[in-house]
Protein chains: 2
Amino acid sequence: MEFKIDGKSHHKARACTIKTAHSTIQTPVFMPVGTQAIVKALDANDMLELGAKIILGNTYHLYLRPGSKTVKKFGGLHGFSKFPNSFLTDSGGFQAFSLSDNSKPDENGITFKSHIDGSKHYFTPQSVLDTQYDLGSDIMMILDDLVALPNTKERIKKSIERTTKWAKEAITYHKEQQSKGIGVDQNIFAIIQGGTDKEFRKLSATQLCELDFDGFAIGGLSVGEPNEDMYETVEWTTDFMPLDKPRYLMGVGTPEDLIENIERGVDMFDCVMPTRNARNGTLFTSYGKINIKNAKYKEDEAPIDPECDCYTCKNFSKAYLNHLFRAGEISYFRLGSMHNIRYYLNLMKQAREAILADNWLEFKKEFYAKRGVTKE
Amino acid sequence: MEFKIDGKSHHKARACTIKTAHSTIQTPVFMPVGTQAIVKALDANDMLELGAKIILGNTYHLYLRPGSKTVKKFGGLHGFSKFPNSFLTDSGGFQAFSLSDNSKPDENGITFKSHIDGSKHYFTPQSVLDTQYDLGSDIMMILDDLVALPNTKERIKKSIERTTKWAKEAITYHKEQQSKGIGVDQNIFAIIQGGTDKEFRKLSATQLCELDFDGFAIGGLSVGEPNEDMYETVEWTTDFMPLDKPRYLMGVGTPEDLIENIERGVDMFDCVMPTRNARNGTLFTSYGKINIKNAKYKEDEAPIDPECDCYTCKNFSKAYLNHLFRAGEISYFRLGSMHNIRYYLNLMKQAREAILADNWLEFKKEFYAKRGVTKE
């Protein structure tokens, strides 16, 4: 992976370029979530038309179905889904923890039961990389030891230590595999944990960031904590992260969250929000969110967002989308999802332009002003 | 509407051209069903890419939601959905009869309750045309008096008489409206009823076909009767239909049904089968139907049908579609529907070519041979 900083602006906002074997990614970047080798309601060509340079796949889901060996047979996620740009895959640990009834970590890994058929599985720092080698993702996330919060300081500390231990095992294993010609074009990111506790975050960040990973993620946020706590934690944590490697804030978030965290030094984001919200009728616009099922759109001839250049806005009225949503037509899901993803991707593009023009504060002010929010 | 016969082949098979205000339709033609101003899981551009020159909308559904006045405000179905080619709309009578709990016909129309909110409505031969003027469809179907079968000869006879009476009222009303500048570009088709009873069919056909309709449909088939009864009824009925007007067999059917009925003189078909079957996992191929969820496709790299030129077959493997279907991904619905519709449209194109080359029997033999069926 090649990484370079193209420009900086106010505070820690930066614009970078990440070059993987499959695409050139300009940051800040939002990665649409394609859990099961597809972004819900869309396909590979839709993602290309939307301009996505990288999407996220979920290792847990793909490991269980169709199975990573099947995906490998088709040339990995790229060949299977026909999306030619980059994939990032998570480790599967978070889903094993959150979707499985009784996942159990031990010193060497995590035992869990499939949410599909109840079958028993075991993830280790090495096994999740093996799965991701099969998936052929451009960026692989390592297994971390997650704990339910709130929890005792002791248990959280133990989880950080275990996460570091597993991270060391993962990087060692990855180097070994690469020396054997496996995963040569694949990159590996570690995940900083520690909740909203500054000392824990510092501990986790310093331990992990001295290891030779290709990039670093901040995990364990956007799990229900107040926004300000998230922003403060990111602000604090990025100071312990190297400048010369990508920084990825996992599972975040709203357009506002993206703007705030770019300013705090984050380069990469992923979230189900644009696609999930679209399916619920919530669509993002430059002027804030709207709900397309609202009766006031029944005869509205305008597109969702007059400033949007997406396929949906170029072709269809709010009235038609309102009708499709109310009539339960599944075509709506594709049209709504395309718009919301394009909104997110365009927002990141505009943020990048603002950074490169060293115009961040003005951009941010305008972003909030259009939403009717006055903010410094 | 302009109509001309371009060629004939074996028995009553014929290839025609129908020119409406919105498109030139070459027959035999299959009209995909877009009940609520959209073909399920697709959009207007998908239909254009598939090559559809005409699609069907359901007056009953559109009358109730979003309401024909709303559709009218957007320039009819063409402006609302952005599909620029032709629309055929049914009268709404069949759905009022089949979807409503307690529809009740009288001498002047049909009372029914909305399946959406239980509200009470009344359709008359005139009111369903008013609705279709608002929808702006290129071909409008008239209201007919449907009876549940089996029924007494007396009731069936009464329904045929009432259908003829309503047809006369409809054509009179339509001419009046056109003289006032309403529905000038819209065409009107009558519907021949009579179940599988030859005398009733003859009675209905002769009464209706002497009226000045733009085309004639055969209704009331494909409702559970044996295939051979359907074919025999069509064979019998088309002899009482004018040669110089389009013939439309409503709600039919399988690829085999289309082939058999083209030979018996039918020009136009519509059916939910390609889209509904796609959503259930059943996909049509030159070699017969397959079910994409079948485990044998889990690692099948081939497209659905090697002879198909649809978007789905050009881009995705059966293995990927199998995965999407099993994983419950809604993207599958679009991909499956596109393939099935393209299969139907291509079949009609091939049938037309065979007719124009006066090669029908050979074409039909090959059609069945590929399916492993030997047939004269």
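Here is the naming used below: chain letters follow the sequence lines, and residue numbers restart at 1 for every chain.
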So what's closer than 4.5 Å to chain A heavy atoms on [X]: side chain, backbone, both or neither?
X: R65(B); value: both
X: I116(B); value: neither
X: Y311(B); value: side chain
X: K298(B); value: both
X: F80(B); value: both
X: L42(B); value: backbone
X: T35(B); value: neither
X: V39(B); value: backbone

Run the side chain to side chain contact (heavy atoms under 4.5 Å, CB included) test on N85(A) and I55(A) for me, step by step, so that the C-alpha distance in whole Å, both residues' side-chain angles and the decisive distance to 0.1 Å come before the verdict. CA-CA 8 Å; N85(A) 292 336; I55(A) 66 179; over 6 Å; no

### Message
For F94(A), I'd like to know if atom CZ has over 12 heavy atoms of other residues, nucleotides or ligands within 6.0 Å.
### Response
no

Q. When rounded to the nearest 0.5 angstrom, what is the spacing between CD in Q36(B) and CG in L62(B)?
A.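 Taking CD in Q36(B) and CG in L62(B), the distance rounds to 7.0 Å.
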
With chain B, the option among H323(A), H61(A), K73(A) that has the most non-hydrogen atom pairs under 4.5 Å is H323(A)

Ranked by heavy-atom pairs below 4.5 Å to chain B, first place among A319(A), G79(A), A327(A) goes to A327(A)

Item to complete: Please step through ring pair (Phe, Tyr, Trp, His ring centres under 6.0 Å) for the pair F87(B) and H22(B), ending with a clear verdict.
Response: CA-CA 8 Å; F87(B) 277 93; H22(B) 288 95; 8.3 Å; no

| query | When heavy-atom pairs shorter than 4.5 Å are enumerated against chain A, which of K82(B), E301(B), K40(B), R334(B) gives the highest number? | reply |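 That would be R334(B).
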
Counting heavy-atom pairs under 4.5 Å to chain A, which of A37(B), S81(B), S317(B) comes out on top?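 Most pairs with chain A among the choices: S81(B).
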
Exercise for the section: Compute the centroid of each ring, for F123(A) and then for Y63(A), and state whether the two points are separated by less than 6.0 Å. Expected result: yes

task = Kindly say whether the aromatic ring centers of F112(A) and Y60(A) come within a distance under 6.0 Å.
result =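 Ring centroids of F112(A) and Y60(A) are less than 6.0 Å from each other.
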
Cut-off 4.5 Å, heavy atoms of chain B, and the answer for F74(A) is side chain

Original post:
Under a 4.5 Å heavy-atom cut-off, does chain B meet the side chain of L324(A), its backbone, both or neither?
Top reply: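 Contact with chain B is through the side chain of L324(A) alone.
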
Check your understanding: Any side-chain heavy-atom pair from Y332(A) and I38(B) closer than 4.5 angstrom?
Key ->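 The answer is no, as the side chains (C-beta and beyond) never meet within the 4.5 Å cut-off.
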
* To do: Compare all side-chain heavy atoms of N322(B) with those of R326(B) and state whether any distance is below 4.5 angstrom.
  =>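 In short, these two side chains touch, coming nearer than 4.5 Å.
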
_Can a donor-acceptor pair be found, under 3.5 Å and without considering hydrogens, that links the side chain of N280(B) to the backbone of T282(B)?_
no

